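Keep in mind that what you see is a predicted model, and the values were worked out from it rather than measured. So you know, we letter chains A, B, ... as the sequences are listed, proteins then strands, and number each from 1. Computed over heavy atoms, backbone and side chain alike; hydrogens, waters and symmetry mates excluded.
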Protein chains: 4
Amino acid sequence: MNTREIDGRSLRAVEKRRARRSDILGAAIRLFSSRGFYATSISDLIKEAGISRGTFYLYFDSKEALFLDLMDVFAKRIMDVVEIVDPAGPDPVQKIYQNVRRIVDVVFNNRELAVIVFRETYGLDSGIDQKLNKLYGFLREMVEGALSKGASWGIIRPVNEQLVTTALIGAIKEVFYHHLVVEPHPVPDRDAFTTSLFEFSTRGLLSV
Amino acid sequence: MNTREIDGRSLRAVEKRRARRSDILGAAIRLFSSRGFYATSISDLIKEAGISRGTFYLYFDSKEALFLDLMDVFAKRIMDVVEIVDPAGPDPVQKIYQNVRRIVDVVFNNRELAVIVFRETYGLDSGIDQKLNKLYGFLREMVEGALSKGASWGIIRPVNEQLVTTALIGAIKEVFYHHLVVEPHPVPDRDAFTTSLFEFSTRGLLSV
Amino acid sequence: MNTREIDGRSLRAVEKRRARRSDILGAAIRLFSSRGFYATSISDLIKEAGISRGTFYLYFDSKEALFLDLMDVFAKRIMDVVEIVDPAGPDPVQKIYQNVRRIVDVVFNNRELAVIVFRETYGLDSGIDQKLNKLYGFLREMVEGALSKGASWGIIRPVNEQLVTTALIGAIKEVFYHHLVVEPHPVPDRDAFTTSLFEFSTRGLLSV
Amino acid sequence: MNTREIDGRSLRAVEKRRARRSDILGAAIRLFSSRGFYATSISDLIKEAGISRGTFYLYFDSKEALFLDLMDVFAKRIMDVVEIVDPAGPDPVQKIYQNVRRIVDVVFNNRELAVIVFRETYGLDSGIDQKLNKLYGFLREMVEGALSKGASWGIIRPVNEQLVTTALIGAIKEVFYHHLVVEPHPVPDRDAFTTSLFEFSTRGLLSV
DNA sequence: CATGAATGAGTGTTCATTCAT
DNA sequence: AATGAATGAACACTCATTCAT
């Protein structure tokens, strides 16, 4: 019974910890997305999260660590939603479309988080580079795999796979960022949006 | 003879000023391209340029002004190289290709400057937003113009012009950035590079 | 008991904070009074107060805010000591004398603070102007009120009230400043001092 | 004839120099009076005077030297206008009145210069202290002399001469400063103004 | 005599992080 | 676990003055 009490206590404690952590992450998402990483100070962060200075460092090692955590959260949500497509299976193109469609959902359901991640570029910070590699490396692999498999099956015409992969990812990123930041209207019809994006990409890639 | 002496003196002085300014711009290009704007301090800048603190402010109003100057320089080089294409003229597609080919040259002849500009994103700083609007606005206009003209002439199939423009620019930007930063090998064959880029974009857009 | 512990802790903390703040104010009074506002740097201030740079900004928003705080402290001490005089009450002149006598005490009991405030003049800084208005506006009101009431009761002969008020305040200020800075000997007999000041002012104002 | 030519040249040169110097003094008067000494930079000064940086230091040793020069100019104008009063002569009170009346003229004919000087206080800068001593020392001597002479002749009742002198000077200074800065309307009737000032001072001092 | 480019110590302020309580 | 006072290096920028031309 004593151990159960302790368990109960620690369970509650763990839950509380998780909630606190979540609060901080939420505050960070709001601030980083609107002001950017550099313009957001720890002071802003703890005020928005309603915690004390010291508490912040109980949950995160540093401002950068928190930021990288956020990138991880987004990367995970994207990666969780992408399914490996078997080009030998039924209707592989439709499968790819559905992957893109689900990514569209994740992005527009996590607008602020998406802004934070899409804003980042390689070459400034090794920690960020690593996270970007994780996310874009994953996507690149997907795309490159589809491209080469598709080529060997004759669905895709032969292209400079690396370059086209980069171009595709750039195209998608830019379109997202445009709708999130430059003209931040909510996208009314996500299906139409996905189709436009998909059409643009595929029409040039599918043979004939 | 007196006036000639003065002319000689002031000419030399003006030249020296220009050289100094150039030194600072050079140092800034090197540092901003490798560390980014925020991570480059005035102290770094003046050490790299070999000048004193005060001298820096003799040539530029602020760190930000210098940065925006750099963006302007790059934007100008790009815009100077793009020629308006008359879709009714001879071989408009070839003309567009040549525009892209020349942009490829500007980018790879100004690698560091290009990195600085491509790294920047909308939504963090109003000064930067303005410069980005200038450059990308110009390019968007070009592309959208070509798209709608081409559509009316039957060369281009009907698409969501805004979205496709965004996608195209994103694709090109990403491909450049990839070759400048992620895998920064010099591109051996710029013609082949341009063709790949061009093919990817056009094959989906040209009718039939 | 837990709460009492917390209370004890926070009480001690609050007290410590107040002490720290007091240290800084003390250092500021010493430096501002001897060198003036402009010639006193934050570096001087924190060295004198024995604190770090960051700590200063924990207690005051800016160098100017600290300075204005100091002006407020002095203004408050003066204003706390002035009692409104009812000219219909018993011995109003004596009441006014006692006001002046108490002001003399405040000034010579807060020599450095007084120097800081008396040194400031209108027209250089809007923040300072505001504080000066608060103090001198209060005193002017007192004096002008006494003058006009006194005139209606026949105690005071008719004068250009605004000008005389200004002259009176200038006279008092200068006399104080002289004894604080130009010949900074402590005033031995504050009663005699007050009487001299009072006589000079009233003999010209009282009718007959 | 050769020497006359040289004389002519150097005469013209001397005149030009004087004019230049005057330009700088004029610019300084305008800027120091409106912004104060600390808020006026050499850059402001040379822009307003239309000269180059180096030229400034050809005419003045430093910013402070220029400022002290300005104080001298004002002190001289005041001192030039005050005439020693012989209490044994005819109508000494009228003579004193005329002195005050002429000081009023100097002040309101040199508003900006007057502002600069009246704004300064003892105890911040030894150079300024010296100039203030020169001006106020002169005036104090005048006043104290009149007071003691007047006392011995029975015109003035016995007072604490030092204190009253200080008070008088403070009163006059404040009234001037008020009309120059706080409510900077031009004084319409300088005679009435002088009379008010004079009455306030004398009514309390003249016996009976 | 006149110029203005150059200097560098100095300014007030910020901020991520630490640590005693 | 939670707090928030304390730190000090770092920041962008200013400015009176010098001196080669």
Side-chain angles (χ1 to χ4, degrees), chain A residues 10 13-14 16-17 20 38-46 51-66, chain B residues 5-6 8-10 12-14 16-17 19-21 38-46 50-66, chain C residues 5-6 8-10 12-14 16-17 19-21 38-46 50-66, chain D residues 9-10 13 16-17 20 38-46 51-66:
Chain A
S10 68
V14 165
K16 211 176 154 192
R17 247 192 95 78
R20 251 307 202 223
Y38 288 104
T40 302
S41 69
I42 296 282
S43 294
D44 298 331
L45 233 25
I46 64 176
I51 57 166
S52 77
R53 237 171 171 67
T55 301
F56 176 85
Y57 286 92
L58 247 34
Y59 287 87
F60 297 93
D61 282 345
S62 66
K63 189 180 141 186
E64 204 205 15
L66 163 61
Chain B
E5 252 180 53
I6 289 172
R9 255 195 243 160
S10 67
R12 246 174 291 132
V14 165
K16 216 175 150 191
R17 247 192 95 79
R20 211 39 149 182
R21 205 187 135 89
Y38 290 105
T40 302
S41 70
I42 296 283
S43 294
D44 297 333
L45 231 24
I46 64 177
I51 57 168
S52 77
R53 246 178 161 63
T55 299
F56 175 83
Y57 288 94
L58 238 41
Y59 288 87
F60 297 93
D61 283 345
S62 66
K63 186 182 143 186
E64 205 204 15
L66 162 60
Chain C
E5 251 180 53
I6 288 172
R9 255 195 242 160
S10 67
R12 247 174 290 131
V14 165
K16 216 175 151 191
R17 248 192 94 78
R20 214 30 154 188
R21 206 186 134 90
Y38 290 105
T40 302
S41 70
I42 295 284
S43 294
D44 297 333
L45 232 24
I46 64 176
I51 57 167
S52 77
R53 249 182 156 61
T55 299
F56 174 84
Y57 287 93
L58 237 41
Y59 288 86
F60 298 93
D61 282 345
S62 66
K63 187 182 143 186
E64 205 203 16
L66 162 60
Chain D
R9 254 195 244 158
S10 67
K16 213 175 151 192
R17 247 192 95 78
R20 234 347 180 209
Y38 287 104
T40 302
S41 69
I42 297 282
S43 293
D44 297 332
L45 233 24
I46 64 176
I51 57 167
S52 78
R53 239 175 169 65
T55 300
F56 175 85
Y57 286 92
L58 246 34
Y59 288 85
F60 296 93
D61 283 346
S62 66
K63 189 180 142 187
E64 205 205 14
L66 162 61

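Taking 4.0 angstrom as the limit, B:Arg12 places none of its side-chain polar atoms (N or O) nearer than this to OP1 or OP2 of E:dG4. Taking side-chain N and O atoms only, C:Ser41 has a distance below 4.0 Å to OP1 or OP2 of E:dT11.
C:Lys63 and C:Tyr38 make their closest contact through NZ-O, 3.9 Å (heavy atoms, listed as atom of the first residue, atom of the second, distance). Between D:Ile46 and D:Phe56, the closest heavy-atom pair is CG2-CB, 3.9 Å.
Legend: residues meeting side-chain contact (heavy atoms from CB on, under 4.5 Å) with A:Ala39, ordered by chain and number and at least two apart, are A:Arg35. Every residue meeting the side chain to side chain donor-acceptor pair (under 3.5 Å) condition with C:Thr55, not counting sequence neighbours, appears here in chain and number order: C:Ser52. When the side chain to side chain donor-acceptor pair (under 3.5 Å) test is applied to C:Arg21, the partners found at least two apart in sequence or on another chain are C:Asp69. Remark: D:Tyr57 pairs with D:Ile42 by the side-chain contact (heavy atoms from CB on, under 4.5 Å) rule, at least two apart or across chains. Qualifying side-chain contact (heavy atoms from CB on, under 4.5 Å) partners for A:Ser41, counting only residues two or more places apart in sequence or in other chains: A:Ser43, A:Asp44.
As rounded to whole Å, 12 Å separates atom P of E:dT13 from atom CD1 of C:Ile46. In this structure, CZ of C:Arg21 is placed 13 Å from P of F:dA5, rounded to the nearest angstrom. The nearest whole Å value for the distance from the CD1 atom in A:Ile42 to the P atom in E:dC15 is 11 Å. One atom, CG of C:Leu45, and another, C1' of F:dG8, lie 17 Å apart when rounded to the nearest Å. Across the protein-nucleic acid pair, D:Tyr38 atom OH and E:dG10 atom P stand 16 Å apart, rounded to whole Å.
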Let me see the working for B:Leu66 and B:Leu45 under side chain to side chain contact (heavy atoms under 4.5 Å, CB included), right down to the final yes or no.
CA-CA 11 Å; B:Leu66 162 60; B:Leu45 231 24; 3.8 Å; yes

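Taken residue by residue, residues 50-61 of chain B places heavy atoms nearer than 4.0 Å to DNA chain F at B:Arg53, B:Gly54, B:Tyr57.
Secondary structure note: stems in DNA chain F built from 3 or more consecutive Watson-Crick or G-U wobble pairs under 3.5 Å occupy E:2-21 with F:2-21.
The 5' end of DNA chain E is approached more closely, in terms of each residue's nearest nucleotide, by B:Arg17 than by the other of C:Lys16 and B:Arg17.
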